[in-house]
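For reference, the structure is listed below as structure tokens.
Just follow the structure's listing: the first ligand is 1, and inside any ligand the first atom is 1. Note that these values count all heavy atoms, side chains included, but never hydrogens, waters or copies made by symmetry.
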Amino acid sequence: MTEQTRQLIEKLAAGCVLQLEEYQELIDTRDQEAAILLAEKAVDIRKSIYGNAVYVRGLIEISNICKNNCLYCGIRRGNSHCDRYRLTSEEVISCADEGYELGFRTFVLQGGEDPFFTDQVLCQLITAIKARHPDCAVTISMGERSRESYKKLKEAGADRYLLRHETADREHYGRLHPPEMSFDTRMRCLRDLRELGFQVGCGFMVGSPYQTSRTLAEDLKFIEEFQPDMCGIGPFVPHKETPFKDQPAGTLELTCYLLSIIRLIHPPVLLPATTALGTIHPQGREKGILAGANVVMPNLSPVSVRKKYELYDNKICTGEESAQCKDCLGARMESVGYRIVTDRGDIKK
Ligand code: 5AD
Ligand code: FES
């Protein structure tokens, strides 16, 4: 590690903001020694806020029907090999009930941009879950919607919304998405969600095609400015039925390095060790926690649909029942000295 890199890490850990060029340099000059130092600082600061608690969110994949055609995504409209499904409201509610019994106090309803989920349908679902489990947080991750729609979801009781920005670089955004999708709309959605009072999550894939240290530095700058409550980052993993099928996957090493940086940029942020990270390495999620993450998201979807929610190839946790998935993650967290807590897991500010 160069002296310059060490100074950048010390500066970040001291709570100073870095210039765009400095973030870029921190990424470009990284080595194992720098990664270890960053992770140490990230874990220290996270422990001072969250101790050794890891929050769990029960992920319910409610539909793989999507009107969008993102170039990286396995459930894109253009993938005619994708076996489409949509859970009924009763099925979603029964997943949440099962999750509640297992100790989950946050449910994430995630799906493609499926036109079936009108405001009315989604609001009824949110209302029903909140009525049955008033002590739980409901997180929605259903893509871009109008401000009016987000407002209705909030009024129905949704607490949080996840919408990855995917990249903070306009030109890069254009290379990951078809022309009908817009960077400005994505940013507008995130700001609307924030203004409407949601706890908001943004995020991006590590190693997505055309990503550079410069675009990553822009992502970091965006996170620094936007101060998201949650930030989902995981490696890009190619899916065989997408235009990016021959592109290389992102790495564990860079993902962990960025997790540490993001923890230091915004210490209270809720940062998941993602399923994609667990997919590219058998101990990926454990390593994510050891780099500064503090959230895991076991799958609560019915086993019958899990393989169909295939955003990328070889996704893990597709054969396990919800209880198995939770126990597996519990054991994994304990193996590295952490414990899963039964709690809504709100951000500590
Ligand atoms: N590899 C990794 N992550 C992906 N996502 C979509 N496709 C892939 C892929 N091939 C991520 C996107 C999206 C989230 C739901 O999943 O960042 O926002
Ligand atoms: Fe729907 Fe990517 S194609 S989120």
*Output all residues satisfying salt bridge (Lys or Arg N to Asp or Glu O under 4.0 Å) with Glu225, sequence neighbours left out; order by chain, then residue number.*
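Not a single residue meets the salt bridge (Lys or Arg N to Asp or Glu O under 4.0 Å) criterion with Glu225.
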*Would you name the heavy atoms of Ala158 and Phe198 that are closest together and state the gap between them?*
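That closest heavy-atom pairing would be CB-CE2, 3.8 Å.
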*Please list, chain by chain and in numerical order, all residues satisfying side chain to side chain contact (heavy atoms under 4.5 Å, CB included) with Lys151, sequence neighbours excluded.*
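Applying side chain to side chain contact (heavy atoms under 4.5 Å, CB included) to Lys151 gives Glu155, Leu196.
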N or O pair under 3.5 Å between [X] and ligand 1:
X	value
Glu166	yes
Arg164	yes
Tyr312	no
Phe236	no

*asked:* Can you tell me if Met205 contacts ligand 1 (heavy atom of the residue under 4.0 Å from the ligand)?
replied: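 In this structure, Met205 qualifies as a contact of ligand 1 - some heavy atom is under 4.0 Å.
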*4.0 Å heavy-atom contact, Pro235 with ligand 1*: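 Under 4.0 Å: yes for Pro235.
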*With a 4.5 Å heavy-atom cut-off, do Arg339 and Met333 have their side chains touching?*
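Not touching, per the 4.5 Å side-chain cut-off.
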*asked:* Quick check: do Arg105 and Tyr100 have side-chain heavy atoms less than 4.5 Å from each other?
replied: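 Arg105 vs Tyr100: side chains touch.
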_For the CD atom on Gln32, are there more than 12 heavy atoms of other groups (residues, nucleotides or ligands in this structure) within a distance under 6.0 Å?_
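For Gln32, atom CD is not crowded (no more than 12 foreign heavy atoms under 6.0 Å).
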_I need the atoms of ligand 1 closer than 4.0 Å to a non-hydrogen atom of Cys73, numbered in the order shown._
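With Cys73 as reference, the close atoms of ligand 1 come out as 7 (N).
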